[in-house]
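Values in this document were obtained by computation on a predicted structure and should not be read as measured data. Atoms within a ligand are numbered from 1 in the order they appear, just like the ligands themselves.
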Amino acid sequence: MNVVDLSHFLEDRMPVFPGSKPVKLDQAACISEEGYHELELHVSTHTGTHIDCASHLIQGGFDTGLASPDRFYGKALVIDCTHLIAPYRIPLEHVKRYEEVLKKTEFVLLHTGWDRYWGKDVYFGEFPVLDPDAASYLAGWPLKGIGIDAAGFDPIDSHDLPVHRIFLSRNIVLVENLTRLADLPEGDFMFCCFPLKIKQGDGSPVRAVGIAKE
Ligand SMILES: [Zn+2]
């Protein structure tokens with residue numbers, strides 16, 4: 001079994017969405033003084049590689065505490081968007097090409113290659129997003145989740161977050177800030193993004209991985 005790590009490091013002063021509080025990892029104890037090492041994390045539920053649950057935007061939507069772990073893993077498909085030229089919206093015609101595979105897929109991962117800008121200002125600039133028509137089409141399949149290797153599913157200046165709403169209103173998990181999608185196999189593989197069991201959590205940092213048979 002080959003496990004591919006699709007997560008960014010969670011670290012002090014890591015990139016965060018504009019307007020979010022900086023991430024802090026404080027040293028609560030160290031081996032030379034207390035005899036053990038311990039860190040204190042100060043992070044938002046939407047830090048780094050993370051999921052959005054329906055309760056992020058939808059009243060009464062599922063959350064990290066009540067959701068069954070079954071929601072967070074399943075058979076996955078990568079949609080290659082790397083040939084599209086930024087700034088762009090991933091169009092309906094492109095995702096429709098995957099119709100045959102979508103029938104037997106639980107997670108769709110949008111591979112844009114935008115993760116190469118992680119740590120640079122441009123990362124939170126005009127990152128690629130799904131066209132709302134393409135989002136509605138994908139949300140019509142019985143998916144558990146959809147992920148992207150960029151900062152989010154709606155443009156940085158969006159207030160009403162239409163693409164987030166299309167998926168979250170159907171209880172489809174969103175996975176943001178993925179990385180290394182190019183390292184996944186083309187064929188069948190499993191995707192996992194288990195959140196912390198945060199009571200009434202609207203999201204959670206995750207260790208996202210792809211698991212291939214070979
Ligand atoms: Zn989020």
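- Protein N, O or S atom count below 2.8 Å of the Zn ion (ligand 1): the structure gives 4.
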Identify all side-chain donor-acceptor contacts of residues 119-131 below 3.5 Å with residues at least two apart in sequence or on another chain.
{"from": "Y123", "atom 1": "OH", "to": "N177", "atom 2": "OD1", "distance (Å)": "2.7"}
{"from": "D131", "atom 1": "OD1", "to": "D133", "atom 2": "N", "distance (Å)": "3.0"}

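- The side chain to side chain contact (heavy atoms under 4.5 Å, CB included) search around M14 returns L10, E11, V23, T47, W118, not counting sequence neighbours.
- Two different hydrophobic clusters hold F17 and L178 under the rule that ILVMFWY side chains link at heavy-atom gaps under 4.5 Å.
- Between the side chain of E106 and the backbone N or O of K75, at least one donor-acceptor pair lies under 3.5 Å.
- The stretch residues 158-194 participates, sequence neighbours left out, in these ring pair (Phe, Tyr, Trp, His ring centres under 6.0 Å) pairs: F107-F191.
- For the residue pair T112 / D149, a side-chain donor-acceptor distance below 3.5 Å is found, with atom types taken as modelled.
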